[in-house]
Engineer: 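The structure under discussion is supplied below as structure tokens; questions concerning it will follow.
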Amino acid sequence: MLAAKTLPLSSPVTKVSNFPDSSLIFPKSIPAIKANRNILSNPFQASCLKTSLESVIAPDTQSYPGATRVKILSEALPFIQKFRGKTIVVKYGGAAMKSEALQASVIADLVLLSCVGMRIVFVHGGGPEINQWLGKLGIKPNFLNGLRVTDASTMEIVSMVLVGKVNKHLVSLINKAGATAVGLSGIDGHLLTARPSPNSEQLGFVGDIASVDPSVLRPLIDNYHIPVIASVAADKRGQSYNINADTAAGELAAALGAEKLLLLTDVAGILEDRNDPGSLVKQIDIKGVKKMTDDGKIAGGMIPKVNCCVRSLAQGVKTASIIDGRLQHSLLLEILTDEGAGTMITG
């Protein structure tokens, strides 16, 4: 979604997710992009475009007229030009992580955005997977105000599941789809330095972020690799902490001077009326968000997400969006159309 509505799009793009197979349609050859010699002069991106398109296109793509596919690509061009070379930080979780179909949609979107020149940073949690493994080991999950109570044994499981299993699975999926992903955690390269939460006596090893050093990320994103970052960090003594993935994504976006922060959620976005899914607020500024919070319209689990967005905007991120991860290709809808897929917050 763009803050400045420079070029209205017609229905083929804004209704991308309404194709019969819920997949965005792209041709196997992409003449519309050949004109951008800077992209195709990069060997990675040239091969990435070919490989990713072959791997994510639905089998019945050819049943759609070529003119329709070319029109979709041409209408996406202004958005590609606007965001090419810009850093986009995506936080991944919720329904989009639990559903295989939605997971495939997110991976396809990431690879496509990377191939057309956007610098993608992918941050993930993995709550359901952690709960599953805790259950296998006979450990009952415990939460306090929505945060996982993390004792020493739980922290060990969190690290193993997020860093060793979920992270490497996502890296494998992205590589298979045609991009080059590199798996990291906040511990690697002093990327995130943690400190105990103010409620550490009740929460255990749940941490806040004391500092961010994105040095290890810059060579990766400069070469259009996709860093995949598990939300685990360590303090200066080496003690590991469980970090909220929204918070990790927001702080990384700020440290990288990102153009956009995107939080995939299980809701449509910020609603004017929490009981009316049709009351979506498409765009709002920080002042408007604070008023909605004071009025009680933003409450519960939406408050930390909104606060994460506001904090990142205050540190220089251009826009932050809370988008509906239950929609197929929600990332493409948010970045490559005027319609968007949730709520965009501006400074």
Side-chain angles (χ1 to χ4, degrees), residues 1-5 8-9 11 13-18 22 24 79 88-99 101-103 105-106 109 123-125 127-128 143 145-147 244-250 253 258-314 317-347:
M1 190 190 304
L2 296 178
K5 310 297 185 184
L9 300 185
S11 58
V13 175
T14 58
K15 295 183 179 179
V16 160
S17 62
N18 291 333
S22 298
L24 185 63
F79 298 91
I88 312 289
V89 177
V90 178
K91 181 267 177 174
Y92 177 57
M97 180 172 269
K98 291 179 279 189
S99 161
L102 290 174
Q103 186 175 80
S105 168
V106 170
D109 290 0
V123 182
H124 69 88
F143 292 87
N145 296 326
L147 296 174
N244 178 274
D246 290 329
T247 301
E259 182 75 14
K260 294 181 77 68
L261 167 66
L262 304 177
L263 305 181
L264 285 165
T265 67
D266 288 346
V267 295
I270 297 175
L271 303 177
E272 181 69 30
D273 178 354
R274 282 180 288 160
N275 298 315
D276 178 9
S279 65
L280 176 67
V281 177
K282 293 256 182 191
Q283 185 169 325
I284 191 170
D285 60 15
I286 292 176
K287 189 178 297 185
V289 162
K290 289 181 177 177
K291 185 177 187 308
M292 288 188 71
T293 303
D294 292 341
D295 293 343
K297 294 179 178 179
I298 295 174
M302 186 59 72
I303 290 178
K305 293 184 183 300
V306 167
N307 288 342
C308 165
C309 292
V310 169
R311 180 174 169 81
S312 68
L313 292 168
V317 176
K318 298 293 178 59
T319 65
S321 298
I322 299 171
I323 67 175
D324 194 344
R326 301 168 301 176
L327 292 176
Q328 292 254 351
H329 299 296
S330 55
L331 290 176
L332 296 189
L333 287 168
E334 180 64 21
I335 296 174
L336 299 183
T337 77
D338 275 323
E339 186 69 17
T343 300
M344 184 175 74
I345 306 172
T346 59

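Only this structure's heavy atoms are used, side chains among them; waters, hydrogens and symmetry mates stay out.
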Engineer: Can you tell me how far the CG atom of Leu262 sits from the OG atom of Ser330, to the nearest 0.5 Å?
Structural biologist: 8.5 Å
Engineer: How long is the straight-line distance from NZ of Lys305 back to CG of Asn244, given to the nearest 0.5 Å?
Structural biologist: 7.0 Å
Engineer: Look up atom CD1 in Ile323 and atom CG in Leu333, then write down how far apart they are to the nearest 0.5 Å.
Structural biologist: 8.5 Å
Engineer: For Lys260 versus Met344, what's the shortest heavy-atom pair and its separation?
Structural biologist: NZ-SD, 3.9 Å
Engineer: Under a 4.5 Å cut-off applied to non-hydrogen side-chain atoms, are Pro304 and Asp246 in contact?
Structural biologist: no
Engineer: Of all heavy-atom pairs between Tyr92 and Leu264, which one has the smallest distance, and what is that distance?
Structural biologist: CD1-CD1, 3.8 Å
Engineer: Rounded to the nearest 0.5 Å, what separates atom CG in Asn307 from atom OG in Ser312?
Structural biologist: 11.0 Å
Engineer: Leu313: what forms a side-chain contact (heavy atoms from CB on, under 4.5 Å) with it, not counting sequence neighbours?
Structural biologist: Ile286, Ala320, Ile345
Engineer: Can you list the residues that meet the side-chain contact (heavy atoms from CB on, under 4.5 Å) rule with Asp285, with sequence neighbours excluded?
Structural biologist: Lys287, Thr346
Engineer: Measure across Ala341 and Leu327 and return the closest heavy-atom pair with its distance rounded to 0.1 Å.
Structural biologist: CB-CD1, 4.3 Å
Engineer: Which residues satisfy the side-chain hydrogen bond (donor to acceptor under 3.5 Å, both in side chains) test with Thr293, sequence neighbours excluded?
Structural biologist: none
Engineer: Can you list the residues that meet the side-chain contact (heavy atoms from CB on, under 4.5 Å) rule with Ala248, with sequence neighbours excluded?
Structural biologist: Val123, Leu192, Ile209, Ser231, Ile243
Engineer: Under the side-chain hydrogen bond (donor to acceptor under 3.5 Å, both in side chains) definition, can you give me all pairs with a residue in residues 267-280, not counting sequence neighbours?
Structural biologist: Glu272-Lys297
Engineer: Kindly compute the distance separating OG1 (Thr343) from CE (Met302), expressed to the nearest 0.5 Å.
Structural biologist: 7.0 Å
Engineer: Grab the two heavy atoms, one from Ala249 and one from Leu263, that are nearest each other, plus how far apart they are.
Structural biologist: CB-CD2, 4.5 Å
Engineer: Mind jotting down which residue pairs meet the salt bridge (Lys or Arg N to Asp or Glu O under 4.0 Å) criterion with at least one end in residues 320-332? Sequence neighbours excluded, please.
Structural biologist: Asp324-Arg326
Engineer: Would you name the heavy atoms of Val289 and Ile298 that are closest together and state the gap between them?
Structural biologist: O-CD1, 3.8 Å
Engineer: Checking Asp295 now: which residues fulfil salt bridge (Lys or Arg N to Asp or Glu O under 4.0 Å) with it, not counting sequence neighbours?
Structural biologist: Lys291
Engineer: Of the non-hydrogen atoms in Met97 and Gly125, which two are nearest, and what is the gap between them?
Structural biologist: CE-O, 3.4 Å
Engineer: Quick one: CD1 on Ile88 to OG1 on Thr319, what's the gap to the nearest 0.5 Å?
Structural biologist: 7.5 Å
